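Structure record follows, encoded as structure tokens.
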Amino acid sequence: MTLSLHNTLTRKKQTFTPLDAEHIRMYVCGPTVYDLAHIGNARPVVVFDVLYRLLKVLYPKVTYVRNITDVDDKINARAAETGEDIRTITQVTAAQFHADAKALNTLDPDFEPRATDHIGEMKIMIADLIAKGHAYVKEGHVLFDTNSWDEYGLLSGHNRDEIIAGARVEVAPYKKDAADFVLWKPSSGGEPGWDSDWGFGRPGWHLECSAMSNKYLGPEFDIHGGGQDLIFPHHENEIAQSRCSHQTDIMAKYWVHNGYLMAEGEKMSKSLGNFYTVHELLEEFPGEAIRLALLKTHYRQPMDFTKAGIAEAKKELDRWYRMIDGASASETPTDVIAALEDDINTPQAIAALHGLGDGSPDALLAGANFLGLLEQDPEQWFRGAGDGDLDEAAIDALIAERDQARADKDFAASDRIRDALLEKGVVLEDSSGQTTWRRK
RNA sequence: GGCGCGGUGGCGGAGUGGCUACGCAGCGGCCUGCAAAGCCGUGUAGACCGGUUCGAUUCCGGUCCGCGCCUCCA
């Protein structure tokens, strides 16, 4: 079995043939740090984490880069709105993002470059694009000249005419062509900015990914990932900038995009209030259950994310955690690897896991670990969750009291204690003369 | 208007031109003081209409419905 991935460039599932089999290079668009990550942001984080884990076992070396966008007009808007310092907003939000990513059991990328640390690289790329006739300066802006490159639109399937016809936004007067996009724009007032040959200003959104992927992975690399909504204009523009600047035939060989997410049957929107942040979901559910809920749907499939879905995922984890008590991970089952090699088919991999539980808990544990699941101790899983307004000593005392009642055959008293504990989210299980407990 | 994605059993969700997906929930039973957990058994599909085929959930065409993108949203 070999790895195959759906490539947006060809709209087909293709066998993955690395540029350099000794070193796989992957870039994934990371968060813009102006607000808490929502569950839609979490999907690519988890999906590409699985791909990263898979690549690491298939190839000797993998470099995974995920950027942090910390210069953006949404950040500026947030600062203006709350009066907070831009630096504070981006640092606090980035830290929160890391905490969320960790709670979802994701591995850290090898590099996590920030846009503001790479302004120099971006300015070099702009100058290069101007020199090569792919960009022009107008009214303090530098714009990419989409007419200068006839392959523009290949990724998204849009041609320039369609883009112009569909434009919902008034075309800025300084653009030669409605499809042209900004590489550098002037900053004023409290907006962050840097000095440049084209005046005090800041980079356009797409440029950072072109500059940073080049720095950490080179002008051509294997995989570029992100959400489907980034295909146009973000990734289309990245390709234009990178390929025109580096004069290459490709930027990334495979473009992998995850599907959109709805919440509770409706498209996520702040006005509807159905906007789950990872942070708030973590107050209610273990991160591992959220991770499994995300992986239960194939990454390209549209997904309706619901709390009921997380609750179901948690039940599956409960069952597995019971099965793996005392197990030690064996080699990763081939079924799991094979499913993932088939365009990251996580639902199939999970089904394979379900098939393993009965006979081979060691294999179940290994397969689950591979997916970033079942990494806790079963006891920690069952006892650590919950609100914990009842400490373990108090629970043990009540169990002892109940044991006495049971010994006295006072089952009414015994059941009263069990019901009281259940009310607090603690479930008792009597087995082989021993009473154990877990949090619901 | 243009481009694209999807519609599978009560729910979630894959593969597959013919054979049980899988999970959650339900139901019956075993076990248990009663539960819980576990075990055994069990029902329920492929939006709609045509076509291709010996045979279609799977391929082709159409209809209906849902969703996304079309200049900065994963």
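Just so we're clear, the structure is a prediction, and the values are computed from it rather than from any experiment. Hydrogens, waters and symmetry mates are skipped; everything else that's a heavy atom, side chains included, is used. Note on naming: letters A, B, ... go to the chains in the order of the sequence lines (proteins, then strands), and numbering restarts at 1 for each one.
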So which nucleotide from [options] ends up closest to the side chain of [X]?
X        : options             : result
A/Asp229 : B/A14, B/A74, B/G33 : B/A74
A/Pro233 : B/C34, B/C70, B/A21 : B/C70
A/Gln348 : B/C24, B/A37, B/A14 : B/A14
A/Thr297 : B/A25, B/A14, B/C69 : B/A14

Rounded interatomic separation in angstrom, taking [atom1] from [X] and [atom2] from [N]:
X        : N     : atom1 : atom2 : value
A/His141 : B/C72 : NE2   : P     : 14 Å
A/Leu353 : B/C22 : CG    : P     : 15 Å
A/Arg66  : B/A74 : CZ    : P     : 13 Å
A/Asp419 : B/G33 : CG    : P     : 18 Å
A/Leu317 : B/G12 : CG    : P     : 19 Å
A/Asp304 : B/G68 : CG    : C1'   : 14 Å
A/Gln301 : B/C67 : CD    : P     : 16 Å
A/Ile290 : B/A74 : CD1   : P     : 19 Å

For nucleotides [N] and [M], find the distance between their [atom1] atoms and express it as a whole number of Å.
N     : M     : atom1 : value
B/C39 : B/C48 : C1'   : 43 Å
B/U58 : B/A45 : C1'   : 14 Å
B/G23 : B/G29 : P     : 22 Å
B/A21 : B/G61 : P     : 28 Å
B/C27 : B/C5  : C1'   : 38 Å
B/G10 : B/G15 : C1'   : 22 Å
B/C24 : B/A36 : P     : 16 Å
B/G13 : B/A25 : C1'   : 14 Å

Ring centroids of A/Phe411 and B/G33 base under 5.5 Å with planes under 30°
yes
Name the atoms and distances for all side-chain donor-acceptor pairs under 3.5 Å in residues 361-377 of chain A, with sequence neighbours left out.
from: A/Asp362; atom 1: OD1; to: A/Ser328; atom 2: N; distance (Å): 3.2
from: A/Asn369; atom 1: ND2; to: A/Leu365; atom 2: O; distance (Å): 3.4
from: A/Asn369; atom 1: ND2; to: A/Leu373; atom 2: O; distance (Å): 2.9
from: A/Asn369; atom 1: ND2; to: A/Leu374; atom 2: O; distance (Å): 3.1
from: A/Gln376; atom 1: NE2; to: A/Glu288; atom 2: OE1; distance (Å): 3.3

Need one value for [X]: base, sugar-phosphate or nothing, where a base atom within 4.0 Å counts as base even if backbone is also close, heavy atoms only.
X        : result
A/Ser414 : base
A/Leu261 : base
A/Asp318 : nothing
A/Arg43  : nothing
A/His38  : base
A/Gly226 : sugar-phosphate

Plane angle bin for A/Phe305 and A/Tyr276 - parallel if under 30°, tilted between 30 and 60°, otherwise perpendicular
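A/Tyr276 and A/Phe305: perpendicular rings.
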Can you say whether the rings of A/Phe144 and A/Phe181 are parallel (under 30°), tilted (30 to 60°) or perpendicular (over 60°)?
parallel
Verify the ring-centre separation between A/Trp184 and A/His141: is it less than 6.0 angstrom?
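No - the distance between ring centres of A/His141 and A/Trp184 does not fall below the 6.0 Å cut-off.
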Looking at B/G23, does its base get a donor-acceptor pair with the side chain of A/Glu312 below 3.5 Å?
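Such a pair is found, so the answer is yes.
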Kindly indicate whether the side chain of A/Asp342 and the base of B/G15 share any N or O donor-acceptor pair separated by less than 3.5 Å?
no
Tell me which of A/Pro302 and A/Arg438 sits closer to the 5' end of RNA chain B, going by the nucleotide each one is nearest to.
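Result: A/Pro302.
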RNA chain B nearest-nucleotide lookup for A/Asp430 and A/Lys296: closer to the 5′ end is A/Lys296
Is [Y] paired with [X] through a side-chain N to carboxylate O contact shorter than 4.0 Å?
X        : Y        : result
A/Lys424 : A/Asp419 : no
A/Arg438 : A/Glu429 : yes
A/Glu264 : A/Lys307 : no

Taking only heavy atoms on the protein side, list every residue of [range] lying under 4.0 Å from any atom of RNA chain B, sorted numerically.
range                       : value
residues 89-113 of chain A  : none
residues 402-410 of chain A : A/Arg402, A/Arg406
residues 367-375 of chain A : none

side-chain hydrogen bond (donor to acceptor under 3.5 Å, both in side chains) between A/His235 and A/His206, worked out
CA-CA 8 Å; A/His235 289 162; A/His206 317 297; over 6 Å; no
Tell me whether the NZ or CZ atom of A/Lys176 lies within the 45° cone about the ring axis of A/Tyr136 and under 6.0 Å from its centre.
yes
With no hydrogens and no angle check, is any side-chain donor or acceptor of [X] less than 3.5 Å from a backbone partner on [Y]?
X        : Y        : answer
A/Asp100 : A/Val278 : no
A/Tyr254 : A/Thr15  : yes
A/Ser213 : A/Ser210 : yes
A/Asp222 : A/Arg25  : yes

Applying side chain to side chain contact (heavy atoms under 4.5 Å, CB included) between A/Arg291 and each of A/Leu317, A/Val50, A/Val45, report the one that passes.
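Exactly one pass, corresponding to A/Val50.
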So, is [X] close to the [N] phosphate, meaning a side-chain N or O under 4.0 Å from OP1 or OP2?
X        : N     : answer
A/Arg319 : B/G38 : no
A/Arg418 : B/A36 : no
A/Tyr260 : B/C69 : yes

Other residues, nucleotides and ligands only: do more than 12 of their heavy atoms fall within 6.0 Å of NZ on A/Lys102?
no
Checking A/Asp72 now: which residues fulfil side chain to side chain contact (heavy atoms under 4.5 Å, CB included) with it, not counting sequence neighbours?
A/Thr32, A/Thr69, A/Lys74, A/Ile75, A/Trp205
What would the secondary structure line of RNA chain B be in dot-bracket form, counting Watson-Crick and G-U wobble pairs under 3.5 Å, with [ ] for pairs that cross earlier ones and | for pairs with another strand?
(((((((..(((.....[...))).(((((.......)))))....(((((..]....))))))))))))....
Residue pair A/Lys253, A/His224: steps toward the side-chain contact (heavy atoms from CB on, under 4.5 Å) verdict
CA-CA 8 Å; A/Lys253 191 170 178 186; A/His224 193 127; over 6 Å; no
